[in-house]
Protein chains: 2
Amino acid sequence: MTEPMDYALFKEMMTISKEELYLETLAENRESIQIKKEETIIKNLEKIFKATLKISNQKGFQAMTMRELSQEAGISLGALYAYFKSKDDLLGMLQNQRRAFVSRMLEKEIEKQTQPILRLRAMIRTHLFLSEIMQPWFYFSFMEAKNLGPKEKKKAIESDLWSGNLLEKLLIQGQAEKVFKNRDTSLTAEAIKAMLQDWYLKRSKFRTISVDRYFEFIMEVVETYLGVAATI
Amino acid sequence: MTEPMDYALFKEMMTISKEELYLETLAENRESIQIKKEETIIKNLEKIFKATLKISNQKGFQAMTMRELSQEAGISLGALYAYFKSKDDLLGMLQNQRRAFVSRMLEKEIEKQTQPILRLRAMIRTHLFLSEIMQPWFYFSFMEAKNLGPKEKKKAIESDLWSGNLLEKLLIQGQAEKVFKNRDTSLTAEAIKAMLQDWYLKRSKFRTISVDRYFEFIMEVVETYLGVAATI
DNA sequence: GTCTATATACGGATAGAC
DNA sequence: GTCTATCCGTATATAGAC
């Protein structure tokens, strides 16, 4: 039983870890948040982040006004500023929270496997499933990458490079062990990332396809190209 | 000699058709442009469009101020408004011009071929080469799609659907003629578009790869997946 | 045809009442 | 802890001189 994991199972696993998300954000920004009661903070931060993603994904983060955000989140303009110092600060908090969560999950899931093909599958599957659960953020993150301040932009690029290199390392490892056919690893890794990206960038186009099905499709393309016999 | 076309040749072919671009835009917007001398209009529209793409691709169209644009284009703020009625109007002119050009080129190149595999190659190659020549606009168009007004947005979606359906039709045709292996045509078309998109969205990552090489890579992935022997 | 100066509006952020 | 009212900067767009 090497691969019992489907999306339903993965999702269940994640909902448990979801609570820690806001506790971590709270701890990191405790001094800049003017509210005392932690329960209130978590409840409202969640509303604020959700509203930010909703509006920004419709019209862009820059175009979103604080007045719109206050209305959508159901918190007055003045009260919003008790949770963050500035609009850019809000962006930073959101990005830090989600990025940390994603890379932690990727690392954890890959470490469970040792064989190249299984590690590759774990990486692709985890990325895809995470992007399904957190689709609005993945979309947002891609679209707003160039609008970030210098510090945030640097972190975003590093994080992207990290996962890109990891993918390529898995391909190189597989070739070294003669499991994968010799192909340009850099281009192959980029093609995989392109297909993963497509899932969250064009979510509405995939209405009739399940994530599990899309995962199998990516693996079919990749394994055919790498000359690997299907593993299931 | 079924396929002599490489990027250098394609580029040369395009520079000829480039002049008509601005003549067409001029004709369509003649009444809203307050300048008389046509030579001046074309020269300045080109400067304005170029500057718009440059700034917008760094920080987003919304975030670009008219003052920045005037400085980058070397035209004063007041003078800019002699060429268009509003910032949104400028966006509309730019989008109409480029979109019309792209779909015309795609259609023209595909019509030259009749065999499924050659039509597929023509479509992929033309799209890729166009996105190389007009990379700033392809990037801009993708990133700003959601910021367009309702009319512009509708046109953008239609144009995207059109090329997506065309690609799928080619795949279906190839399967019907038993040239391509049976695969999910909708997902396969989407994967091809994802790889094409990656080229212009992540242009800086492909510094060391030529367009011609990337074209061969895409075809290699696609032809392997569709079970077609390489044609060259 | 192009410039500078300005009218007008709107957005981010804060003050202070409740 | 949350609200309303407001300050202040900056953006689009225009008016009118050259």
Side-chain angles (χ1 to χ4, degrees), chain A residues 22 25-26 29-52 55-56 58-94 144 147-149 152, chain B residues 22 26 29-49 51-52 55-56 58-94 144 147-149 152:
Chain A
Y22 285 93
T25 305
L26 175 55
N29 301 83
R30 199 64 195 90
E31 77 295 351
S32 71
I33 298 175
Q34 296 165 21
I35 312 289
K36 283 187 188 140
K37 212 173 158 196
E38 308 217 325
E39 202 187 305
T40 311
I41 301 180
I42 293 180
K43 186 191 68 187
N44 281 339
L45 269 186
E46 201 166 347
K47 279 202 266 181
I48 293 168
F49 285 177
K50 196 175 170 184
T52 300
I55 303 171
S56 296
Q58 277 165 16
K59 52 196 307 196
F61 182 75
Q62 295 265 0
M64 173 190 78
T65 71
M66 296 309 280
R67 285 169 180 82
E68 279 175 306
L69 178 59
S70 98
Q71 196 164 20
E72 177 72 32
I75 297 168
S76 79
L77 183 58
L80 279 181
Y81 283 88
Y83 295 89
F84 46 79
K85 287 193 293 288
S86 69
K87 197 182 171 187
D88 270 353
D89 196 47
L90 162 63
L91 181 59
M93 282 170 66
L94 176 57
E144 304 297 336
N147 306 330
L148 302 174
E152 289 302 322
Chain B
Y22 286 92
L26 175 55
N29 301 82
R30 199 63 194 91
E31 76 295 349
S32 71
I33 298 175
Q34 296 165 22
I35 312 290
K36 282 184 189 145
K37 213 174 156 194
E38 308 217 325
E39 204 186 304
T40 312
I41 302 179
I42 293 180
K43 188 190 67 187
N44 282 340
L45 269 187
E46 201 167 346
K47 281 202 266 182
I48 293 168
F49 284 177
T52 300
I55 303 171
S56 296
Q58 277 165 16
K59 53 196 305 194
F61 182 75
Q62 296 266 359
M64 173 189 78
T65 71
M66 298 308 278
R67 283 173 180 82
E68 278 175 309
L69 178 59
S70 98
Q71 196 164 20
E72 178 71 33
I75 297 168
S76 79
L77 182 60
L80 279 181
Y81 283 88
Y83 295 88
F84 45 80
K85 287 192 292 286
S86 69
K87 198 181 169 185
D88 271 352
D89 196 47
L90 162 63
L91 182 59
M93 282 170 66
L94 176 57
E144 306 297 336
N147 305 329
L148 301 174
E152 290 301 322

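Numbered from 1 within each chain, the chains take letters A, B, ... in sequence-line order. Keep in mind it's a predicted model, so treat the numbers as computed, not measured.
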- Take atom CD of B/Q71 and atom C1' of C/dT2, then tell me their distance rounded to the nearest Å. 16 Å
Protein-nucleotides 14-18 of chain D N/O pairs under 3.5 Å:
none

- Item | Closest listed nucleotide, where the reference is the side chain of B/T65 and the choices are C/dT2, D/dA11, D/dT2 | D/dA11
- Item | Touch class at under 4.0 angstrom, heavy-atom based, for A/Y83 against every strand present | sugar-phosphate
- Taking atom P of D/dG1 as reference, at what distance in whole Å does atom NZ of A/K43 sit? 10 Å
- Looking at every strand, decide which applies to A/N44 at a 4.0 Å heavy-atom threshold: base, sugar-phosphate, or nothing. sugar-phosphate
- NZ/NE/NH1/NH2 to OD/OE distance under 4.0 Å, A/E31 and A/K85: no
- With B/Y83, which residues qualify under ring pair (Phe, Tyr, Trp, His ring centres under 6.0 Å), at least two apart? none
- Message: Without decimals, in angstroms, what is the distance between A/M64 CE and C/dG11 C1'?
- Response: 12 Å
- Query: With sequence neighbours left out, what residues match A/K47 under side chain to side chain contact (heavy atoms under 4.5 Å, CB included)?
  - Reply: A/N44
- Query: Among pairs that include at least one residue of residues 69-78 of chain B, which meet side-chain hydrogen bond (donor to acceptor under 3.5 Å, both in side chains), considering only residues two or more places apart or in two chains?
  - Reply: B/K54-B/E72
- Message: Nearest to the side chain of A/R67, heavy atoms from C-beta on, is which of C/dA13, D/dT2, C/dT4?
- Response: C/dA13
- Here the distance between atom C1' of C/dG1 and atom CG of B/L80, to the nearest Å, is 13 Å
- Note on the structure: Of C/dA13, C/dG1, C/dC3, the nucleotide closest to the side chain of B/S76 is C/dC3
- Task: Could you state the atom-to-atom distance from CG of A/L69 to P of C/dG12 in whole Å?
- Result: 9 Å
- Message: Using the side chain to side chain contact (heavy atoms under 4.5 Å, CB included) criterion, which residues pair with A/K43? Sequence neighbours excluded.
- Response: none
- Query: Between A/M66 (CE) and C/dG12 (C1'), how many Å, whole number?
  - Reply: 7 Å
- Message: Using whole Å, what does the distance between atom C1' of nucleotide D/dG1 and atom CG of A/L45 come to?
- Response: 14 Å
- Kindly write out the residues that satisfy side chain to side chain donor-acceptor pair (under 3.5 Å) with A/Q62, not counting sequence neighbours, or none if the list is empty. none
- Task: To the nearest Å, give me how far apart NZ (B/K47) and P (C/dG1) are.
- Result: 14 Å
